[in-house]
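Written out below as structure tokens is the structure these notes cover.
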Amino acid sequence: MVKAYRQEHVYKHPWERVTCASWRKFADPENKRILSHILDVDTLNHSIDPSSGKLYTTRAITIHCPGPWFVRRIVGQDICHCVESTVVDAQSRSMQLTSRNISLRKFIEVEEKIRYDPHPDNPTCWTVCQQETSIRIKPLSALASMAEKVEQRCAERFLQNSVKGREVMERICKYLEAESSGLAL
């Protein structure tokens with residue numbers, strides 16, 4: 001099952017300003033409070049293609065996993081690692097970002113594509129942002145993995161409960177022994 005959606009937004013700011021803001025959105029301390037699910041962002045590499053002049057950048061993004069606590073517990077982690085690949089073509093004034101999760105892929109695959117271009121009606125003052133996101137839950141593998149985790153947790157609980165059960169049985173046996181001998185415990 002794939003959940004996909006598209007959004008478009010017009011920034012009433014020039015392309016240069018909007019793309020600069022895109023680079024800074026994770027670094028601004030005020031935004032860290034607002035984007036509290038973003039735990040860390042690291043630039044892995046960046047290069048400029050000498051023939052085309054395009055900038056290529058790859059960043060690692062660590063986020064706090066959304067969802068209920070019991071799902072995070074079953075999955076075994078509460079953070080997700082993502083990779084963002086960016087291509088900036090200053091000549092054509094286009095910036096394209098593609099982000100994908102690299103952890104939790106046996107449960108979910110998320111891909112987000114964002115593109116910033118000058119708005120066709122006002123290219124010097126406005127920027128159009130097009131965003132496409134697809135989310136694919138892998139139910140069969142997730143259920144299999146979830147079942148495995150649940151089985152493991154049940155086995156651990158069973159072992160804990162069987163120790164308690166043996167302690168209770170020992171106590172009752174001692175009580176019955178004392179009762180048959182006429183001794184009170």
Side-chain angles (χ1 to χ4, degrees), residues 1-67 71-72 74-142 144-145:
M1 179 176 168
V2 176
K3 173 77 174 165
Y5 65 91
R6 298 180 76 151
Q7 298 182 89
E8 186 173 293
H9 180 75
V10 176
Y11 291 97
K12 294 188 178 181
H13 299 282
W15 178 84
E16 293 79 5
R17 185 179 304 148
V18 172
T19 55
C20 184
S22 176
W23 289 116
R24 295 180 179 194
K25 70 181 172 186
F26 298 130
D28 186 334
E30 180 64 22
N31 289 346
K32 286 184 180 187
R33 183 180 57 78
I34 297 166
L35 301 173
S36 61
H37 66 289
I38 305 292
L39 302 176
D40 199 15
V41 178
D42 292 304
T43 300
L44 302 176
N45 62 51
H46 59 277
S47 63
I48 296 178
D49 182 314
S51 61
S52 68
K54 293 180 182 178
L55 170 66
Y56 294 88
T57 303
T58 304
R59 298 195 293 184
I61 302 174
T62 304
I63 64 169
H64 184 267
C65 292
V71 171
R72 290 193 305 266
I74 290 170
V75 168
Q77 36 184 133
D78 62 352
I79 61 170
C80 182
H81 300 284
C82 304
V83 171
E84 176 193 80
S85 301
T86 304
V87 179
V88 180
D89 185 344
Q91 286 182 327
S92 67
R93 297 173 73 209
S94 175
M95 179 179 194
Q96 299 175 43
L97 301 91
T98 302
S99 301
R100 293 180 179 93
N101 63 305
I102 58 171
S103 64
L104 305 175
R105 290 186 65 84
K106 66 181 178 178
F107 300 103
I108 185 170
E109 289 180 356
V110 178
E111 181 180 71
E112 178 184 51
K113 293 181 179 183
I114 299 174
R115 182 178 174 115
Y116 298 103
D117 294 298
H119 194 283
D121 294 339
N122 194 348
T124 58
C125 297
W126 294 354
T127 304
V128 63
C129 170
Q130 297 173 332
Q131 178 188 18
E132 296 177 27
T133 305
S134 67
I135 302 167
R136 181 174 175 237
I137 304 288
K138 297 183 173 182
L140 295 177
S141 61
S145 179

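These figures come from a predicted structure and were not determined experimentally. All residue numbers refer to positions in the sequence shown, counting from 1.
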### Query
If we only count heavy atoms from C-beta on, is the R17 to Y11 side-chain gap below 4.5 Å?
no

### Query
About how many Å separate OG of S94 and CH2 of W15, when rounded to the nearest 0.5 Å?
7.5 Å

### Query
Does the side chain of L97 come within less than 4.5 Å of S22's, by heavy atoms?
yes

### Query
Is there a donor-acceptor pair closer than 3.5 Å between any side-chain N or O of S99 and the backbone N or O of E84?
no

### Query
Does some side-chain heavy atom of R100 sit less than 4.5 Å from a side-chain heavy atom of V83?
no

### Task
For residues T58 and S85, report the shortest heavy-atom separation together with the two atoms involved.
OG1-OG, 4.4 Å

### Query
About how many Å separate OG1 of T133 and NZ of K113, when rounded to the nearest 0.5 Å?
11.0 Å

### Query
If you take all heavy atoms of P123 and P118, which pair is closest and at what distance?
O-CB, 3.5 Å

### Query
Is a salt bridge present between E132 and R115, judged by a nitrogen-to-oxygen distance below 4.0 Å?
no

### Pairs satisfying ring-ring contact (aromatic ring centres under 6.0 Å, His included), at least one member in residues 109-133, at least two apart
H119-W126

#### Entry: Rounded distance (nearest 0.5 Å) linking atom CD1 of I114 with atom CD of Q7
9.0 Å

### For C80, the option from I63, I61, T62, L39 that meets side chain to side chain contact (heavy atoms under 4.5 Å, CB included)
I63

### Query
Once you round to the nearest 0.5 Å, how far does CG of D40 lie from NE2 of H64?
14.5 Å

### Query
Between NZ of K54 and CD of Q96, what distance do you get to the nearest 0.5 Å?
7.5 Å

### Query
In chain order, what residues pass the side chain to side chain contact (heavy atoms under 4.5 Å, CB included) check against T57, with sequence neighbours excluded?
W23, T43, H46, L55, R59, T86

#### Entry: Distance-minimising heavy-atom pair for T19 and E16
OG1-O, 3.2 Å

### Query
Are more than 12 heavy atoms from other residues, nucleotides or ligands located less than 6.0 Å from atom CD of Q91?
no

### Task
Report yes or no: does T127 contribute a side-chain atom to a donor-acceptor pair with the main-chain N or O of H13 at less than 3.5 Å?
yes

### From CD (Q131) to CD (E8), nearest 0.5 Å
11.5 Å

